[in-house]
Amino acid sequence: GTALVAAQKLDRKWIGVDITYLSIAVMKARLKDSFGIEVPVIGQPTEVEGARQLAIGDDGRYQFQWWALNLIDARPLGGTEKKGADRGIDGRLYYHEGGRLSKTQQIILSVKAGKPTSAHGRDLRGVVHRARAEIGALLLMQEPTREMTKEAAAAGFFESSWGRHPRIQILTADKLLRGAQLDYPAPRHTNVTHR
């Protein structure tokens, strides 16, 4: 996004083009952080079937992962080179519970383009505990299994000054496309998505 930032600083008209959703997410975040502008993205999935097609192919799982994380303004872990062991963390979302001067907290994100299983929920609970995070979220292409939903509910709630928030949350591609967001202790305008 360097050329886009330069063009914006010079008050020029510009169009950015890239092939990966990771790069698009980085550019969007950079423009938002630098200028406070929301950049529309043309050509990304806007319906479930488009998201399903995105998840197909050699690199599809990663493209779906980067696309899903972008929908909730989260940053992928490891960037474009991360194609190996991720220790259960595909991305993170940072926030300040008590405003900008409080300690930065994290939400652990796990993205699954394939068929979800109850093990995904159990694994995420373990990763959230290991990372000392209060909240974890599964971003899924398909609907969660009944056991996965039970596993998420069994994790209970995180109590914050903003209220109660489910410790393990599940969002599907369908819900993400309809504008669903994570439930966590910070108003949207105080999010910190990058460190």
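For reference, positions follow the sequence shown, starting with 1.
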> Roughly how far, to the nearest 0.5 Å, is the CG atom of L139 from the CD atom of Q169?
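Those atoms lie 10.0 Å apart.
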> Kindly indicate whether the side chain of K175, heavy atoms from C-beta on, has any atom under 4.5 Å from the side chain of R178.
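Result no, sub-4.5 Å side-chain heavy-atom pair not found.
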> What I'd like to find out is whether the side chain of I135 reaches to under 4.5 Å of the side chain of H165, using heavy atoms alone.
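A side-chain contact under 4.5 Å exists here.
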> Considering all heavy atoms of both residues, which atom of V128 and which atom of E134 are nearest to each other, and what is their separation?
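The pair with the smallest heavy-atom distance is CG1-C, 4.3 Å.
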> D183 and F157: side chain to side chain contact (heavy atoms under 4.5 Å, CB included), yes or no, with the steps?
CA-CA 11 Å; D183 177 1; F157 291 88; over 6 Å; no
> I need the minimum non-hydrogen distance between P185 and W162, along with the two atoms involved.
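Reported closest heavy-atom pair: O-CD1, 3.1 Å.
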> How close do A74 and L109 get, heavy atom to heavy atom, and via which atoms?
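What the structure gives for the nearest pair is CB-CD1, 3.3 Å.
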> Could you tell me the separation between the CG atom of D11 and the NZ atom of K9, rounded to the nearest 0.5 Å?
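It is 13.5 Å, given to the nearest 0.5 Å.
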> Quick check: do L93 and L182 have side-chain heavy atoms less than 4.5 Å from each other?
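Side-chain contact under 4.5 Å: yes.
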> Please find the pair of heavy atoms, one from T145 and one from S118, that lie closest to each other, and give the distance.
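Looking at all heavy atoms of both residues, the shortest contact is OG1-N, 4.1 Å.
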> Using side-chain heavy atoms (C-beta onward) and a distance below 4.5 Å, is L171 in contact with Q181?
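SC-SC contact between L171 and Q181 ruled out.
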> To the closest 0.5 Å, what do you measure between CD1 (I107) and CZ (R167)?
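Here the interatomic distance stands at 12.5 Å.
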> Check I108 against G88 and note the closest heavy-atom contact, atom names and distance.
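Closest approach of I108 to G88, heavy atoms only: CG2-O, 4.5 Å.
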> When clusters are formed from ILVMFWY side-chain contacts under 4.5 Å, directly or step by step, what else is grouped with V17?
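Reading the cluster by chain and number, V17 sits alongside I15.
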> Minimum heavy-atom separation for W67 to L54, with atom names?
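Heavy-atom minimum between the residues: CB-CD2, 3.5 Å.
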> My understanding is that only residues two or more places apart in sequence, or in another chain, count here; which of them pass salt bridge (Lys or Arg N to Asp or Glu O under 4.0 Å) with E47?
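Per chain and number, E47 pairs via salt bridge (Lys or Arg N to Asp or Glu O under 4.0 Å) with no residue.
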> May I ask you to test the L138-H120 pair for a side-chain heavy-atom distance under 4.5 Å?
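They are in contact (side-chain heavy atoms under 4.5 Å apart), so the answer is yes.
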> Is there a side-chain contact between Q142 and T172 (heavy atoms, below 4.5 Å)?
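Not in contact.
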> Evaluate the side chain to side chain contact (heavy atoms under 4.5 Å, CB included) criterion for residues Q8 and I37: first the C-alpha distance (whole Å), next the side-chain angles of each, then the deciding distance (0.1 Å), finally the verdict.
CA-CA 10 Å; Q8 185 68 28; I37 59 175; 4.0 Å; yes
> Which value, rounded to the nearest 0.5 Å, describes the distance between Q106 atom CD and R92 atom CZ?
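The distance works out to 4.5 Å.
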> Does the side chain of I168 come within less than 4.5 Å of E151's, by heavy atoms?
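Answer no - side chains too far apart.
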> Output the distance between atom CH2 (W66) and atom OG (S23), rounded to the nearest 0.5 Å.
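Here the interatomic distance stands at 8.0 Å.
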> Find out if a path of hydrophobic residues (ILVMFWY) with successive side-chain heavy-atom gaps under 4.5 Å connects M141 to I56.
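No, it is not one cluster - the side chains of M141 and I56 are not joined through contacts under 4.5 Å.
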> CD/E38 to NZ/K32 distance, rounded to the nearest 0.5 angstrom?
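Going from the CD atom of E38 to the NZ atom of K32 covers 4.0 Å.
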> Answer yes or no: is there a side-chain heavy-atom contact under 4.5 Å between V111 and R61?
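Contact flag for V111/R61 side chains = no.
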